[in-house]
Undergrad: 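If you scroll down you'll find the structure; I have some questions about it.
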There are 2 protein chains.
Amino acid sequence: MKRDVVPRGALRALVLATLGDGALHGYALARALEERALGTWKIREGSLYPALHELELEGAIAASWTKAPNGRRRRVYSLTRAGKRAAKGARAEWLGIAEMLKAMLA
Amino acid sequence: MKRDVVPRGALRALVLATLGDGALHGYALARALEERALGTWKIREGSLYPALHELELEGAIAASWTKAPNGRRRRVYSLTRAGKRAAKGARAEWLGIAEMLKAMLA
DNA sequence: GCCCATACCTCGGTAACCGATGTATCGTGG
DNA sequence: CCACGATACATCGGTTACCGAGGTATGGGC
């Protein structure tokens, strides 16, 4: 399936929330997000990688090149202190939005 | 307050859901939506009116000019049969999105 | 007379995303 | 041993739904 797509603006919140559970590299992050979404949402690389670069520039996440056991290069991302704060805010914001949507559509 | 804004793509769903509870004219619809959102979400006329025109073109809603008791002209919108179907679909879609967001951020 | 609320509308600009495309390495089945 | 899919990164032009600002017009209150 993997048809639908994350609602606009939520990608950053989801990335921050997921990285809050542990550092991941981009590709694994995409897989983790799709798994969390039970395959309902497709994570587009053309959205994810630019978003990661932006979050890095903003100082919300820190990246470092590492070598996977199989030799492939990976860029592993983890939350900075500022990122943890941002994650908390974004999580609250989007939970609020979800709550409001449920209330208004129920 | 009225700071935040409806998430992208949800406006149509909310309009359809609200009109499902009875016909309204544009301005009243905006007020009704903001009230439903407890003042959290601001409804922009620059978003609402074009959305209404689009929904009308698509045949989801029907409009008719009426005269308010005070003499002001109003364009009252109501759901068509197709609109009721669309409302159901949009409601299910966005409730699903809200559910997924809650699950992924909780 | 002036201003705010009501009530409609349009239009340029933009944020965030989509889709396509590109690079490169690794594992594996034939 | 080599083609192909999975892994893993990246960029970039195009789209879309919206935002913000502006416009018109009438009604009622002070």
Side-chain angles (χ1 to χ4, degrees), chain A residues 2-16 23-35 37 39 41-58 60-61 63-77 90 93-94 97 101, chain B residues 2-16 23-35 37 41-58 60-61 63-77 86 90 93-94 97 101:
Chain A
K2 278 179 192 171
R3 278 272 164 62
D4 283 11
V5 131
V6 174
R8 251 191 198 212
L11 182 59
R12 295 162 58 95
L14 292 174
V15 164
L16 291 173
L24 285 173
H25 62 279
Y27 192 83
L29 179 57
R31 297 293 83 76
L33 280 169
E34 289 181 348
E35 196 185 353
W41 287 344
K42 168 91 187 132
I43 304 299
R44 322 276 175 173
E45 305 196 348
S47 309
L48 181 61
Y49 287 117
L52 286 171
H53 298 159
E54 221 181 309
L55 285 168
E56 190 186 0
L57 267 179
E58 293 167 14
I61 60 180
S64 67
W65 284 106
T66 64
K67 208 137 188 132
N70 53 21
R72 280 199 201 85
R73 72 193 182 124
R74 287 171 172 172
R75 195 151 172 76
V76 174
Y77 293 96
E93 183 191 351
W94 280 94
I97 289 172
L101 281 174
Chain B
K2 277 180 190 169
R3 279 268 165 64
D4 281 14
V5 131
V6 174
R8 256 200 190 203
L11 181 59
R12 295 162 58 95
L14 292 174
V15 164
L16 291 172
L24 286 173
H25 62 278
Y27 193 83
L29 180 56
R31 298 292 85 75
L33 279 169
E34 289 181 348
E35 195 185 353
W41 288 344
K42 168 93 185 129
I43 305 300
R44 322 275 174 172
E45 305 196 347
S47 309
L48 181 60
Y49 287 117
L52 286 171
H53 299 157
E54 221 182 308
L55 286 168
E56 190 186 0
L57 268 180
E58 292 168 15
I61 61 181
S64 68
W65 284 107
T66 65
K67 208 136 187 135
N70 53 21
R72 281 198 200 84
R73 74 192 180 125
R74 288 172 172 172
R75 194 148 174 79
V76 174
Y77 294 95
E93 183 190 350
W94 279 94
I97 289 171
L101 281 175

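Within every chain, numbering begins at 1; the chains are lettered A, B, ... in the order of the sequence lines, protein sequences first and strands thereafter.
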Undergrad: For residues B:Y27 and B:L48, determine if any side-chain heavy atom of one lies less than 4.5 Å from a side-chain heavy atom of the other.
TA: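 Answer no - side chains too far apart.
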
Undergrad: The criterion is salt bridge (Lys or Arg N to Asp or Glu O under 4.0 Å); which residues satisfy it with A:R12, sequence neighbours excluded?
TA: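 Result, salt bridge (Lys or Arg N to Asp or Glu O under 4.0 Å) vs A:R12: A:E54, A:E58.
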
Undergrad: Rounded to the Å, how far apart are B:E58 CD and D:dA17 C1'?
TA: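 Distance, rounded to whole Å: 13 Å.
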
Undergrad: Rounded to the nearest angstrom, tell me the gap between atom CD1 in B:I43 and atom P in D:dG20.
TA: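 The distance from CD1 of B:I43 to P of D:dG20 comes to 13 Å, rounded to the nearest Å.
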
Undergrad: Can you name the closest pair of heavy atoms from B:L11 and B:V6 and give their distance?
TA: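 Scanning both residues, the minimum pair turns out to be N-CG1, 3.7 Å.
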
Undergrad: Can you tell me the distance, in whole Å, between the CH2 atom of B:W41 and the P atom of D:dC18?
TA: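 About 12 Å, once rounded to whole Å.
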
Undergrad: Return a single string for nucleotides 4-16 of chain D, one symbol per nucleotide in 5' to 3' order, where B is base contact, S is sugar-phosphate-only contact and - is none, cutoff 4.0 angstrom on heavy atoms.
TA: --BBBBBBB---B

Undergrad: Would you kindly give the CD-to-P distance between B:E54 and D:dA17, to the nearest whole Å?
TA: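 Distance, rounded to whole Å: 6 Å.
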
Undergrad: Whole angstroms only, please: what is the CZ-P distance between B:R12 and D:dA17?
TA: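 Rounding to the nearest Å, CZ of B:R12 and P of D:dA17 are 7 Å apart.
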
Undergrad: Tell me the interatomic distance from A:R44, atom CZ, to C:dC18, atom P, rounded to whole angstroms.
TA: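 Taking CZ of A:R44 and P of C:dC18, I get 6 Å after rounding.
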
Undergrad: Heavy-atom distance under 4.5 Å between the side chains of A:L52 and A:L29, does that happen here?
TA: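 Touching, per the 4.5 Å side-chain cut-off.
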
Undergrad: Please give me the minimum heavy-atom distance between A:A90 and A:L16, naming the atom from each residue.
TA: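 Reported closest heavy-atom pair: CB-CD1, 4.4 Å.
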
Undergrad: Rounded to the nearest Å, what distance is computed from the CG atom of residue B:L33 to the C1' atom of nucleotide D:dC18?
TA: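 Going from B:L33 (CG) to D:dC18 (C1'), I get 15 Å.
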
Undergrad: Which pairs pass salt bridge (charged side-chain N to carboxylate O under 4.0 Å, His left out) with one or both residues in residues 64-75 of chain A, sequence neighbours excluded?
TA: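 The answer is A:E56-A:R75.
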
Undergrad: Could you state the NZ-C1' distance from B:K67 to D:dA25, rounded to the nearest angstrom?
TA: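 From B:K67 NZ to D:dA25 C1': 12 Å.
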
